[in-house]
> 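Below you will find the structure I want to go over with you.
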Amino acid sequence: MGIGASIFLIALGAIFAFAIDANLGWLDLNVVGWVLMLVGVVGLLITMYFWSTRRRAVVATPVRERVVAQPTVPVEDDRVVREEYREVRRPGYPA
């Protein structure tokens, strides 16, 4: 439901339960207000529960580090030997 919707339902229920004094005959607005507040509180608790489990799962995930050795360059007589690769294509073949 979300935190905003839950707080809205709690506020709307409080208005119906405590601020409105109307008699509709077949509908008791005080009961409607208390039901809305209860639904808002339950929605808020469920939202907080899902937020807390989602955050715990992210924090509890172990971080794996991988050490990669530096690439070695062959050396001959104190000179760095570099390898060069070339792709040779014959004339008339598509690229």
Side-chain angles (χ1 to χ4, degrees):
M1 179 185 306
I3 293 175
S6 298
I7 292 175
F8 176 76
L9 286 178
I10 293 170
L12 187 65
I15 290 170
F16 279 159
F18 305 121
I20 295 178
D21 190 25
N23 189 4
L24 297 178
W26 59 273
L27 182 64
D28 189 2
L29 289 180
N30 289 334
V31 174
V32 171
W34 282 103
V35 169
L36 286 175
M37 285 193 293
L38 181 65
V39 169
V41 168
V42 169
L44 187 64
L45 292 175
I46 290 173
T47 301
M48 296 304 248
Y49 172 74
F50 281 121
W51 273 26
S52 67
T53 58
R54 182 175 63 192
R55 287 189 180 154
R56 250 187 293 153
V58 171
V59 172
T61 304
V63 177
R64 297 182 184 181
E65 294 183 10
R66 191 172 101 181
V67 178
V68 179
Q70 293 292 331
T72 57
V73 179
V75 177
E76 286 182 8
D77 301 327
D78 295 328
R79 294 180 313 150
V80 175
V81 179
R82 295 186 179 160
E83 296 179 7
E84 184 177 325
Y85 295 99
R86 289 187 183 179
E87 186 175 320
V88 178
R89 296 178 189 224
R90 294 184 186 164
Y93 285 97

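For clarity, every value in this text was computed on a predicted model and none was experimentally measured.
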> Using side-chain contact (heavy atoms from CB on, under 4.5 Å) as the criterion, list what pairs up with Leu9, not counting sequence neighbours.
Met1, Leu36, Val39

> Suppose we screen for side-chain contact (heavy atoms from CB on, under 4.5 Å). Which residues come up paired with Asn30, at least two apart in sequence or across chains?
Asp28

> With Ala14, which residues qualify under side-chain contact (heavy atoms from CB on, under 4.5 Å), at least two apart?
Phe18, Met37

> With sequence neighbours left out, write down each residue that passes side-chain contact (heavy atoms from CB on, under 4.5 Å) with Ile3, or none if nothing qualifies.
Ile7, Leu44, Thr47, Met48, Trp51

> With the 4.5 Å side-chain cut-off for hydrophobic clustering, are Trp34 and Ile20 part of the same group?
no

> Verify the cluster assignment for Leu45 and Ile10: are they in a single hydrophobic cluster under the rule of side-chain heavy atoms below 4.5 Å apart?
yes

> Could you report the tightest heavy-atom contact between Gly33 and Phe16, atom names first, then the distance?
CA-CB, 3.6 Å

> Work out which heavy atom in Ser6 is nearest to a heavy atom in Gly43; give both atom names and the distance.
OG-C, 3.3 Å

